[in-house]
2 protein chains.
Amino acid sequence: MTRKPATTRVRTRSDANNNVAPARTARKRGASRPSGAGEAAPYHHGALRGALLEAAERVLERDGLAGLTLRAVAREAGVSHAAPTHHFGDLTGLVSELAAVGYRQFSAAMTAAAAAGTSLTEKAMARAKAYVAYAQARPGMYSLMFRNERIDMTRPSLHEAASVSFQGLANSAGAGGEALAALSLDQAAVIARNWSLVHGFTMLLLDGRLKDILHRLPEGTTPEQLLGAMMRAAVMRPPGA
Amino acid sequence: MTRKPATTRVRTRSDANNNVAPARTARKRGASRPSGAGEAAPYHHGALRGALLEAAERVLERDGLAGLTLRAVAREAGVSHAAPTHHFGDLTGLVSELAAVGYRQFSAAMTAAAAAGTSLTEKAMARAKAYVAYAQARPGMYSLMFRNERIDMTRPSLHEAASVSFQGLANSAGAGGEALAALSLDQAAVIARNWSLVHGFTMLLLDGRLKDILHRLPEGTTPEQLLGAMMRAAVMRPPGA
DNA sequence: GATTTATCTTTACACCGTAAAGATACCGAT
DNA sequence: ATCGGTATCTTTACGGTGTAAAGATAAATC
């Protein structure tokens, strides 16, 4: 939206069309795209989509959610501002695909963390810490994934990636094996409770709502310590108990 | 941002300047402003600020967070698009003041709910239900209040309104009386835990992340029932216990 | 090799935030 | 009562954004 003060705006090719001869055909196939060797995709085909997603991730980490615009992503990728439209249709489309990428990263981090612990409670704690750690490492991505305003959950790839994540969370939260069908109120309560607890803590932490509490704690207490103590604390303990 | 499909755009006076003679001086003082009788504010002075806040609340509830723009609020209030600038300086300014209004509504709802219950756990449960109920009744307002992107917590009025809310939450969560200074890790854990639990549940519910779980429950189970069961459930109960 | 098609660029438009300048009406001092 | 000052509101202007539509270019297919 507004001004976007710094960022220096590297002035790519398609930026403010220098009205001279086009001078394209300079880079033939395989000239750009520094990633791997020459895979199947032959430059003019298929490569931009992935490049745009990587550019979007970069923009998101650099400029935050507010800076994540279609045109900024196009600039970052070095293409014209309308190029992303063809691949994602929409800003919502691009952001949704980016969120799907995030859900896959998130799932991977969670399963990796769960493999570390030995006992069940250790595993659960490791997962919770990995959950919060992911959100702290990639706050923009986490916000994207867990808010509806800019993504469209009905997109197949996003829906699937998110479902995998949620299924992993539910399984780890207490619903034994492959609980896909019905749930008792108590089972659902355990899942919702653990998820709400860690998600709420994450959101409050990211949005700075726990700053006051953390400042009143002994010097140098980390959010992770608070998280650990919190998950051990009794339920709704009345004051003075 | 984008298109804003419906809403019909009522075409107020200041909308797309009809290039004829101005024809102002039609409404003298006290002609508009349908709210109360003739209070102290004499139209050209002081009244617009409040009117803009009310207009903003209306726009937020009607068009959601995405529709809450400076110009939309100005249209809703029937003034030129640049009028809000003088009173709030900034979009962030207006949104922050609106969030302050929300925090005051929120605090009032919480204290009213706490007065209802008799026992301590009853009070706590009533407060939690009021918390979720407020967010469900005013999802846009709640999102505004608990996210940083569009508000500026350093604004004095917002900071104070939010502090009052948070203090109320902390007091109700277990930290006895006027616990302002230091906190032990256990005290902080109780506060953070209760707050995280209800905030996380609220966010997940508003963003539709609990839809799958709710669908797997017995027909007609309400979110409130899940909330109640959740707050009674055991902590990190291992599967098959 | 010609045509079709997918991909990318240009151009255009409405909306947005915000700065700056102009118009209007209130206010206090004389 | 009038006059200057000031607060309030409107106009105008500019760059940014999303997105639609048309033009250009290269790949693909026959």
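Naming convention: chains lettered A, B, ... in sequence-line order (proteins, then strands); numbering from 1 in each chain.
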Whole angstrom is fine here: how far is it from [atom1] in [X] over to [atom2] in [N]?
| X | N | atom1 | atom2 | value |
| --- | --- | --- | --- | --- |
| B:L48 | C:dA25 | CG | C1' | 14 Å |
| A:L94 | D:dT17 | CG | P | 14 Å |
| A:F88 | D:dT19 | CZ | C1' | 16 Å |
| A:E76 | D:dT17 | CD | P | 13 Å |
| A:L91 | D:dT17 | CG | C1' | 10 Å |

In terms of side-chain heavy atoms of [X], which of [options] is nearest?
| X | options | value |
| --- | --- | --- |
| A:L70 | D:dT10, D:dG18, C:dT10 | D:dG18 |
| A:D90 | D:dG18, C:dA20, D:dC9 | D:dG18 |
| B:T69 | D:dT8, C:dC16, D:dT10 | C:dC16 |
| B:H86 | D:dT8, D:dT10, C:dC16 | D:dT8 |

request  = Kindly say if B:H87 contacts the phosphate of D:dA7, meaning a side-chain N or O under 4.0 Å from OP1 or OP2.
outcome  =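 No.
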
inquiry  = I want to check one thing: is the phosphate of C:dC15, taken as OP1 and OP2, less than 4.0 Å away from some side-chain N or O of B:R75?
reply    =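 Result: no.
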
key: Any residue meeting ring-ring contact (aromatic ring centres under 6.0 Å, His included) with A:F106, in chain and number order, not counting sequence neighbours   =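 If we apply the ring-ring contact (aromatic ring centres under 6.0 Å, His included) test to A:F106, skipping adjacent residues, the hits are A:Y131, A:Y134.
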
task = Give a yes or no answer on whether the side chain of A:R71 reaches the backbone of A:T69 with a donor-acceptor pair at less than 3.5 Å.
result =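 No: the side chain of A:R71 does not pair with the backbone of A:T69.
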
query = Of all residues at least two apart in sequence or in a different chain, which pass the salt bridge (charged side-chain N to carboxylate O under 4.0 Å, His left out) check with A:E149?
reply =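 Here the qualifying residues are A:R147.
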
Is it the case that the base of [N] and the side chain of [X] share a donor-acceptor contact (distance under 3.5 Å, atom types as modelled)?
| X | N | answer |
| --- | --- | --- |
| A:R49 | C:dT7 | no |
| B:R71 | C:dG17 | yes |
| B:H81 | D:dT12 | yes |

Aromatic ring pairing A:F166/A:Y103, orientation class (parallel under 30°, perpendicular over 60°, tilted between) =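 Rings of A:F166 and A:Y103: perpendicular, as their planes differ by over 60°.
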
ask   = To the nearest 0.5 Å, what is the distance between OG (B:S143) and CE (B:M141)?
value =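 B:S143 OG to B:M141 CE: 11.5 Å, rounded to 0.5 Å.
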
